[in-house]
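Here the structure comes first, spelled out in structure tokens, and everything after it is commentary.
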Amino acid sequence: MSKQLNFAQQMDEVLKTLGPARPKLLLHACCGPCSSAVLEQLCEHFEITVLYYNPNTWPAAEPERGGRCTVCYRLRMRRAAQYAQEHGFAWFTTTLSISPHKDARRINEIGQALEAEFGVKHLPSDFKKHN
């Protein structure tokens with residue numbers, strides 16, 4: 001079994017390297033409630049723009065954390081990475097990992113692949129509340 005990655009800890013390490021500069025970050029969000037807690041956590045470190053993007057994927061009957069979720073994550077995050085590249089953002093990330101039903105490992109793997117493809121840094125994250 002592979003070691004569980006701590007994406008919240010990885011994000012904290014990245015934030016320590018930023019110093020006083022607040023680079024531009026594009027934050028993908030599906031809805032306002034998910035974005036509010038994430039904005040509070042990141043606003044002192046970044047100049048943030050929120051991209052609300054929440055299209056449906058098919059088939060709707062697939063279970064949570066199934067293959068449909070990967071399609072959903074990739075669709076939303078690809079749009080965010082593309083928008084970030086087109087508009088000069090240094091970083092992008094998503095609020096998707098805030099949900100206890102979402103797979104942070106898969107979300108961050110997709111983010112890393114999109115970073116390589118679009119040349120915009122992906123902020124690793126797991127915004128779930130712990131304890």
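- Of all the heavy atoms in R105 and F7, the pair that sits closest is CA-CE1, 3.4 Å.
- In this structure, CD in Q82 is found 11.5 Å from CG in L26, a value given to the nearest 0.5 Å.
- Looking only at distances, no side-chain donor or acceptor of K24 sits under 3.5 Å from a matching main-chain atom of I48.
- Residue pairs meeting the salt bridge (charged side-chain N to carboxylate O under 4.0 Å, His left out) criterion with at least one partner in residues 7-20, sequence neighbours excluded, are E13-K16.
- Applying the side chain to side chain donor-acceptor pair (under 3.5 Å) criterion to R22, with sequence neighbours excluded, gives no partner residue.
- For the residue pair L75 and P55, the shortest heavy atom distance occurs at CD2-CG, 3.4 Å.
- Side-chain contact between D103 and C69 is absent, with no heavy atoms from C-beta onward closer than 4.5 Å.
- T93 places a side-chain N or O within donor-acceptor distance of the main-chain N or O of L123, the cut-off being under 3.5 Å.
- Across every non-hydrogen atom of T70 and I110, the tightest pair is O-CD1, 4.0 Å.
- Applying the side chain to side chain donor-acceptor pair (under 3.5 Å) test to K121 and every residue at least two apart in sequence or in another chain returns nothing.
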Report all side-chain donor-acceptor pairs from residues 27-38 shorter than 3.5 Å, counting only partners two or more places apart or in another chain.
unit_1, atom_1, unit_2, atom_2, d
H28, ND1, T94, OG1, 2.6
H28, NE2, Y53, O, 2.8
S35, OG, G32, O, 2.8
S35, OG, Y52, OH, 3.2
S36, OG, P33, O, 3.1

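- Shown here for T95 and F127, the closest heavy-atom pair between the two residues is CA-CD1, 4.5 Å.
- When every heavy atom of L18 is checked against every heavy atom of H45, the shortest pair comes out as CD1-O, 3.9 Å.
- The CD atom of E117 lies 13.5 Å from the NE2 atom of H122; values are rounded to the nearest 0.5 Å.
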Take V14 and W91 through the test side chain to side chain contact (heavy atoms under 4.5 Å, CB included) and record every step on the way to the result. CA-CA 11 Å; V14 168; W91 294 86; 3.4 Å; yes
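- Legend: residues meeting ring-ring contact (aromatic ring centres under 6.0 Å, His included) with F89, ordered by chain and number and at least two apart, are absent.
- With sequence neighbours excluded, the residues that form a side chain to side chain contact (heavy atoms under 4.5 Å, CB included) with Q9 are N6.
- In this structure, S97 and K102 have side chains that are not in contact, with every pair of non-hydrogen atoms separated by 4.5 Å or more.
- Not a single salt bridge (charged side-chain N to carboxylate O under 4.0 Å, His left out) links E47 to another residue, sequence neighbours left out.
- Counting only heavy atoms from C-beta outward, the side chains of K128 and I98 never approach each other to under 4.5 Å.
- R79 is listed as a side-chain neighbour of Y83, based on a closest heavy-atom distance under 4.5 Å.
- Considering every non-hydrogen atom in both L114 and A81, the closest pair reads CB-CB, 4.0 Å.
- Applying the side chain to side chain donor-acceptor pair (under 3.5 Å) criterion to S99, with sequence neighbours excluded, gives no partner residue.
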Show, in sequence, the C-alpha distance, side-chain angles and deciding distance for N54 and R76, and conclude whether the side chain to side chain contact (heavy atoms under 4.5 Å, CB included) test is met. CA-CA 7 Å; N54 191 22; R76 287 158 172 73; 2.7 Å; yes
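- Between the CD atom of E115 and the CD atom of Q85 there is a distance of 12.5 Å, given to the nearest 0.5 Å.
- Residues passing the ring-ring contact (aromatic ring centres under 6.0 Å, His included) test with F118: none are found, sequence neighbours excluded.
- Evaluation of the salt bridge (charged side-chain N to carboxylate O under 4.0 Å, His left out) rule for R74 yields no partner, not counting sequence neighbours.
- Residues I107 and D126 have side chains not in contact (no heavy-atom distance under 4.5 Å, counting atoms from C-beta outward).
- Under the side chain to side chain donor-acceptor pair (under 3.5 Å) criterion, Q41 pairs with no residue at all, not counting sequence neighbours.
- Under the 4.5 Å side-chain criterion, counting only non-hydrogen atoms from C-beta, L51 is not in contact with F92.
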